[in-house]
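Worth saying up front: this structure is predicted, and the values here are computed from it rather than measured.
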Amino acid sequence: MDEIDRAILNRLQIGFPICASPFLKVAEQLGVDENDLLLRLQRMQADGVLSRFGPMYHAEQMGGALTLAALKVPEERFDEVTRIVNSFPEVAHNYARSHALNMWFVLASDQAERLAEVIAAIESATGLRVYDMPKNREYYVGLNFAV
């Protein structure tokens, strides 16, 4: 990663322009060519430097819902259950944890009632209870990492 890559990552962590040509605007701010910016982002994603680049929506304000969920997965079934859980498009993140509840994932949907359907489907497909932990209150952290 060179200094331009670092500048791109630092710039994109603090916001993305809402306009007709957002990548062009960011490229101009950084003094690079738009195509070079796009190629660098693609390369960083292919190399695993970037795991994801995209918007985050407030599902609840758009009529949808999200929840944090967890499973107690027998270690010998972990890969199998991971494939099942990740097959649902409503699963936004999925993490292995060192805890009795060793798989944690976020479910998000544009339809609030869909979450209960997905939870029931995951329970049916895995034979495991899904521990649903909907949020009570949201706090904004504003997390970013200078690279």
Side-chain angles (χ1 to χ4, degrees), residues 1-2 4-27 29-30 34 37-147:
M1 179 182 319
D2 63 16
I4 295 172
D5 287 347
R6 291 180 201 285
I8 290 169
L9 293 177
N10 287 330
R11 169 58 188 86
L12 293 177
Q13 288 185 73
I14 59 171
F16 194 67
I18 306 296
C19 62
S21 300
F23 290 103
L24 176 60
K25 186 169 185 171
V26 170
Q29 292 169 347
L30 296 173
E34 181 184 23
L37 172 71
L38 293 170
L39 289 172
R40 285 173 178 269
L41 287 171
Q42 290 170 348
R43 180 181 37 79
M44 286 190 276
Q45 194 162 21
D47 292 347
V49 173
L50 279 176
S51 59
R52 178 184 177 277
F53 179 79
M56 293 184 67
Y57 299 103
H58 199 297
E60 292 157 325
Q61 291 191 8
M62 297 186 334
L66 56 89
T67 193
L68 177 64
L71 289 167
K72 289 181 184 175
V73 182
E75 284 302 321
E76 67 275 8
R77 293 191 58 210
F78 204 87
D79 290 342
E80 169 208 353
V81 173
T82 299
R83 281 190 297 277
I84 293 169
V85 169
N86 290 350
S87 71
F88 290 86
E90 292 84 359
V91 174
H93 313 283
N94 188 353
Y95 301 97
R97 300 284 180 181
S98 298
H99 186 270
L101 297 171
N102 56 353
M103 181 182 291
W104 292 70
F105 51 97
V106 173
L107 295 174
S109 175
D110 61 349
Q111 301 170 351
E113 63 277 5
R114 177 72 182 136
L115 293 186
E117 295 170 5
V118 172
I119 288 170
I122 290 172
E123 287 179 334
S124 176
T126 63
L128 301 170
R129 176 182 173 198
V130 173
Y131 294 83
D132 182 17
M133 295 173 270
K135 71 180 174 189
N136 293 325
R137 185 173 176 186
E138 184 170 317
Y139 299 91
Y140 178 72
V141 177
L143 179 66
N144 65 59
F145 300 98
V147 291

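Rounding to the nearest 0.5 angstrom, the gap separating the CD atom in Glu117 from the CD1 atom in Ile122 is 12.0 Å. In this structure, Gln42 CD and Leu37 CG are separated by 10.0 Å, a value rounded to the nearest 0.5 Å. For the atom pair CG of Asn10 and CG of Asn144, the computed distance is 8.0 Å after rounding to the nearest 0.5 Å. To the nearest 0.5 Å, the span separating CG on Leu30 from NZ on Lys25 amounts to 12.5 Å. The distance from atom NE2 of His93 to atom CG of Asn86, rounded to the nearest 0.5 Å, is 12.0 Å. Distance CG/Leu101 to CZ/Arg129: 9.0 Å, rounded to 0.5 Å.
Between Pro74 and Leu128, the closest side-chain pair of non-hydrogen atoms falls below 4.5 Å. Counting heavy atoms from C-beta outward, Leu41 and Leu12 have side chains that approach closer than 4.5 Å. Asp47 is not listed as a side-chain neighbour of Met1, based on a closest heavy-atom distance of 4.5 Å or more. Asn94 places a side-chain heavy atom less than 4.5 Å from the side chain of Met103. With contacts defined as side-chain heavy-atom distances shorter than 4.5 Å, the pair Leu107/Val91 qualifies. Contact check for Arg40 versus Val49: no side-chain heavy atoms found under the 4.5 Å cut-off.
In this structure, Gln45 and Ser51 approach most closely via the heavy-atom pair NE2-O, 4.0 Å. The minimum heavy-atom distance between Ala65 and Ala112, with the atom names listed, is CB-CA, 3.7 Å. Of all heavy-atom pairs between Pro22 and Pro17, the closest is CB-O, 3.3 Å. Taking both residues in full, the closest heavy atoms of Ala69 and Met133 are given as C-CE, 4.2 Å, listed atom of the first, atom of the second, then distance.
In terms of modelled atom types and a separation under 3.5 Å, the side chain of Gln13 and the main chain of Phe145 share a donor-acceptor contact. The backbone N or O of Thr126 sits less than 3.5 Å from a side-chain atom of Arg77, completing a donor-acceptor pair. A donor-acceptor pair is defined here as one N or O able to donate and one able to accept, closer than 3.5 Å; no such pair exists between the side chain of Ser124 and the backbone of Ala120. Counting only distance, with no hydrogens or angles, the side chain of Glu123 and the backbone of Val130 share a donor-acceptor pair below 3.5 Å.
Taking His58 as the reference, Glu60, Gln61, Lys135, Glu138 meet the side chain to side chain contact (heavy atoms under 4.5 Å, CB included) condition, with sequence neighbours excluded. With sequence neighbours left out, the side chain to side chain contact (heavy atoms under 4.5 Å, CB included) criterion links Asp79 to Arg83.
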Dump the intermediate steps for side-chain contact (heavy atoms from CB on, under 4.5 Å) on Leu50 and Leu9, then the final yes or no.
CA-CA 9 Å; Leu50 279 176; Leu9 293 177; 3.6 Å; yes
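Taking the six-membered ring where the residue is Trp, Phe53 and Phe23 present tilted rings, their angle falling between 30° and 60°.
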